[in-house]
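Remember, it's 1-based here, ligands and their atoms both numbered in the order they're listed.
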Amino acid sequence: MMDGNSLPETRSTCPYCGVGCGVLLRPDGDGLAVRGDPEHPANFGKLCSKGAALGETVGLEHRLLAPKMDGAEVGWDSALQRVAERFSRAIEEHGPDSVAFYVSGQLLTEDYYVANKLMKGFIGSANIDTNSRLCMASSVAGHKRAFGSDTVPGTYEDLDEADLVVLVGSNLAWCHPVLYRRLMAARKTRGTRIVVIDPRRTASCDGADMHLALQPGSDVALFNRLLVTLYEGGALDKAFIAHTNGFDEALHAAQNDTAAPTGLTETEIRAFCDLWMRTEKVVTIYSQGVNQSSSGSDKVNAILNCHLATGRIGRPGMGPLSVTGQPNAMGGREVGGLANMLACHLDLENADHRAAVRGFWESSPLPETPGLKAVDMFRAVGDGRIKALWVIHTNPAVSMPEADAVCDAIAACPFTVVSDITARTDTARLADVLLPATAWGEKDGTVTNSDRTISRQRAVLAAPGQARPDWDILADVGRRMGFDKAFDYASPAEIFREYAALSGLAGQFGRDFDISGFADISDQGYARFQPQRWPVTTTRKGGRFFADGRFFHPDGRARMVAVSWKPPASKKSPRFPFRLNTGRVRDQWHTMTRTALSPRLSGHLAEPFVDMHPEDAARRNIAASDLVQLVSPTGKCILRARITPAVQIGQLFAPMHWTAETAPSARIDTLVAAETDPVSGQPESKASVVDATRFDAAWYGFAVSSDPMTLDCAYWALARTSRGYRAELAGDRPVDDWEAEARRLFSAPEAEACSIIDAKRGSARVALYRDGILAHALFVAPRPVAVMRDYLADMPGTEAANALSGRPPADMPDPGPVLCSCFGVGVNTIVDAIGTKGLMTVESIGEVLAAGTNCGSCRPEIAELLKMVHSREAAE
Ligand SMILES: Nc1nc2c(c(=O)[nH]1)N[C@H]1C(S)=C(S)[C@@H](COP(=O)(O)OP(=O)(O)OC[C@H]3O[C@@H](n4cnc5c(=O)[nH]c(N)nc54)[C@H](O)[C@@H]3O)O[C@H]1N2
Ligand SMILES: Nc1nc2c(c(=O)[nH]1)N[C@H]1C(S)=C(S)[C@@H](COP(=O)(O)OP(=O)(O)OC[C@H]3O[C@@H](n4cnc5c(=O)[nH]c(N)nc54)[C@H](O)[C@@H]3O)O[C@H]1N2
Ligand code: SF4
Ligand SMILES: [Mo]
């Protein structure tokens with residue numbers, strides 16, 4: 001394919017969220033030009049801010065380029081020999097269950113398949129679990145209970161055809177932005193109604209008809225009310241219910257649950273239930289507000305019960321849709337990457353399935369019982385039961401609940417291997433052996449998105465240094481452990497063929513996941529592979545499931561599961577009076593190892609924060625931009641306060657992204673209790689209990705620098721800028737000599753300094769120059785520093801004569817924090833244009849400033865600004 005630039009573009013898939021957008025890639029100089037693939041069925045050319053900024057994240061400066069053992073660079077041979085020996089020795093001495101793999105929904109299907117085959121087939125343990133345990137496990141469990149298999153019934157096209165879309169515990173506008181835009185486009189043409197069910201007001205609420213700010217964890221009660229309403233309103237589909245078991249019990253449980261507390265008014269509940277009842281074409285999208293809960297599986301089944309009871313499933317424009325988080329969360333479920341699954345949706349606990357897979361793999365007997373699920377796995381690491389652990393493509397030292405205990409466990413594990421693309425992660429720093437993996441853009445394989453569409457990722461950049469693909473590293477270790485034939489792979493295409501053939505066996509057992517149509521795909525066919533929705537067999541391609549009432553339980557029926565409301569596992573108390581909700585921001589991906597490399601993405605929210613209701617803030621004497629200390633039974637954090645009625649009284653929200661690399665006091669999972677759903681084992685990441693008090697620092701600071709900074713104070717948060725770095729700081733001890741402190745902070749003993757220090761007021765401004773060019777600047781005050789941050793962030797590398805004033809000259813406007821990452825448009829610029837040009841709509845702002853016209857992820861925030869400015873004007 002050629003474009004105007006006449007260099008060929010390569011089709012691939014975005015490595016971030018489960019929407020699975022197609023991208024067109026063209027290497028340009030030392031970077032990568034990225035645009036949406038107009039022909040990909042997931043995005044038809046659109047990308048969100050993260051996808052659009054991919055080119056800024058493929059540089060090599062942060063990359064791990066050679067294997068390391070005990071901190072020293074070594075060759076592959078020594079590193080992999082050590083891994084194979086240590087795993088083999090542990091197995092010999094302590095049995096197969098003394099070793100474990102902890103892998104990721106971001107692995108490609110081929111990587112995942114090899115990891116699962118090695119652990120379950122050849123090591124003979126089921127101790128392989130994945131970060132999908134923290135993400136999709138409750139959906140998997142709910143699907144299996146209801147359908148007899150982990151099947152996503154519908155497709156993205158359902159969003160184009162629905163009349164009502166309910167978002168339950170999903171901030172689609174920020175977490176699946178291209179899908180959200182698709183929904184908004186449908187709303188424009190057919191008036192799709194949208195309901196958001198979320199304890200907090202999110203960007204997704206802006207385009208919605210109704211926001212139900214329910215109490216955390218009360219979704220089961222709400223959907224039980226819906227089931228009862230459907231029954232009482234005569235809206236059930238009796239013919240479809242005949243294809244299910246358990247209706248009476250489920251209804252009975254729901255009827256007994258009607259007094260359960262949702263925190264919603266009767267009017268709100270009735271309005272929602274009536275709308276759902278009246279509208280046949282309804283899609284219920286759900287995500288982590290549902291899954292990450294100690295009643296996550298029950299929440300899923302409460303939702304599925306309503307769709308089953310009305311037969312609104314698997315037909316155009318209707319059905320439940322569990323959106324997947326990671327790019328290959330779905331693929332990982334298909335290959336059986338979870339500790340309680342086999343491969344190709346076969347069951348570990350089914351002897352016939354085990355025998356078939358064993359025969360196919362020509363392996364030793366497969367484990368008969370599930371392995372350790374993530375939380376239990378790290379507990380077993382902690383208490384010494386696991387002697388060798390391999391962590392691949394995930395950062396559990398940050399993302400697991402009770403993260404401090406997880407760090408301690410990994411550090412104490414006799415042997416830990418970490419495969420990553422960078423050594424600068426909290427987990428990689430704990431590894432005995434560190435293995436360099438090729439990154440997105442450098443590797444080949446397949447991923448499956450939220451609607452079962454399989455797409456290719458393709459390499460367009462050379463593997464840097466000694467980096468190797470994850471499948472290749474795993475297969476090499478398999479061979480070194482003595483399983484030569486089973487892991488003799490030469491390419492991902494070969495693995496994919498084997499996997500497709502195995503899925504044919506699953507198909508013969510009547511399982512849903514059958515892609516045997518690809519069992520003979522040639523290398524060229526794999527190279528040219530077009531996005532396709534599974535199943536793919538000689539008789540069937542893609543489509544929806546279950547409209548025909550045929551399910552995957554042995555009797556062919558679905559199950560309605562009797563569920564009842566339960567409160568979150570951690571109880572509030574006078575010591576821990578707040579409920580802590582956690583989640584994502586628009587422009588960062590998880591532990592930020594890639595997105596934080598992009599100045600554009602880092603400009604959206606440059607600092608970790610905690611959202612607190614104004615009444616709670618007033619009661620605690622906390623003002624906007626104060627620092628807040630959060631304490632839970634397991635840990636402590638310091639974060640910036642954002643005072644907002646978007647969260648309810650008694651509830652807090654904080655993002656999950658910051659790490660010891662970017663803001664050590666903001667590792668939010670140190671606070672999160674490792675409480676899990678009893679069915680799925682998924683941790684309750686959204687309902688821990690904490691206390692919150694103002695953190696009174698001795699001083700507050702803001703710094704900009706052209707080079708990385710070595711920071712060590714009570715609070716710091718580092719972010720990339722187009723000219724280097726910016727940092728927010730605060731210290732709990734007074735500093736005597738700020739000029740010396742600045743030199744130390746920036747490792748610049750020789751630089752020329754220019755400073756204004758007011759010891760009496762406790763304020764200091766220090767600028768350090770190299771050859772007349774500003775290299776670093778530090779602003780300190782006894783209260784949160786008031787300087788024009790975005791203006792100052794642009795100063796390093798210039799003469800910056802004005803730097804110490806901390807604000808632009810009168811004739812130069814400060815654009816404010818970036819709102820539109822694609823075009824770099826700041827908040828102040830937009831507010832100014834709204835005021836001076838009298839703009840009334842998001843579209844008109846787009847016409848004047850281009851803001852919001854590319855990926856559209858910022859449109860809800862622009863709408864919010866519009867509302868704010870106009871309501872301020874109305875009040876004046
Ligand atoms: N920008 C960005 N996008 C991402 C990611 C990212 O890191 N950054 N990660 C990807 C991944 S892996 C995932 S899993 C998805 C997650 O996507 P989402 O699930 O949409 O994102 P979250 O912010 O984790 O949580 C969603 C919402 O659940 C709400 N919630 C909390 N408790 C409850 C409750 O009891 N009931 C209900 N109904 N709602 C509740 C929270 O307030 C939050 O707004 O995002 C994917 N997309
Ligand atoms: N409090 C709280 N905690 C949460 C959540 C929450 O909502 N709240 N959400 C949970 C969810 S849903 C998820 S999915 C997890 C995500 O949490 P993690 O999986 O821990 O987060 P990532 O930052 O995506 O980690 C991916 C790692 O893989 C590395 N990497 C990138 N490319 C490659 C590659 O090609 N090969 C290899 N080997 N490594 C690579 C990256 O550098 C990074 O270190 O967090 C969970 N934790
Ligand atoms: S919505 Fe954004 S992050 Fe998700 S796949 Fe598409 S471009 Fe990537
Ligand atoms: Mo996730």
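A tilted orientation is assigned to the rings of Y16 and W589, their planes being inclined by 30° to 60°.
There is a side-chain donor-acceptor pair under 3.5 Å between N395 and T427. For the residue pair N328 / T109, a side-chain donor-acceptor distance below 3.5 Å is found, with atom types taken as modelled.
Screening residues 288-307 for ring-ring contact (aromatic ring centres under 6.0 Å, His included), with sequence neighbours left out, gives W276-H307.
In terms of heavy atoms, E675 sits closest to S570 at CG-OG, 3.9 Å. Nearest heavy atoms, W440 versus S12: NE1-OG, 4.1 Å.
Counting the atoms of ligand 3 from 1 in the order shown, those under 4.0 Å from a heavy atom of G20 are 5 (S).
Within 4.0 Å of ligand 1, protein heavy atoms come from C17, K50, C135, V168, G169, S170, N171, W174, C175, H176, I197, D198, P199, R200, T202, L214, P216, G217, D219, S287, Q288, G289, K299, G325, Q326, N581, G583, R584, V585, R586, Q588, W589, H590, H657, K686.
Other residues, nucleotides and ligands place no more than 12 heavy atoms under 6.0 Å from the NZ atom of K46.
Checked by atom type and distance alone, the side chain of R720 never pairs as donor or acceptor with a backbone atom of S598 at under 3.5 Å.
Protein N/O/S atoms closer than 2.8 Å to atom 2 (Fe) of ligand 3: C48 SG.
Take A141 and apply the side-chain contact (heavy atoms from CB on, under 4.5 Å) test, not counting sequence neighbours, and it matches S297, V679, S680.
Between L107 and D470, some side-chain heavy-atom pair lies under the 4.5 Å cut-off.
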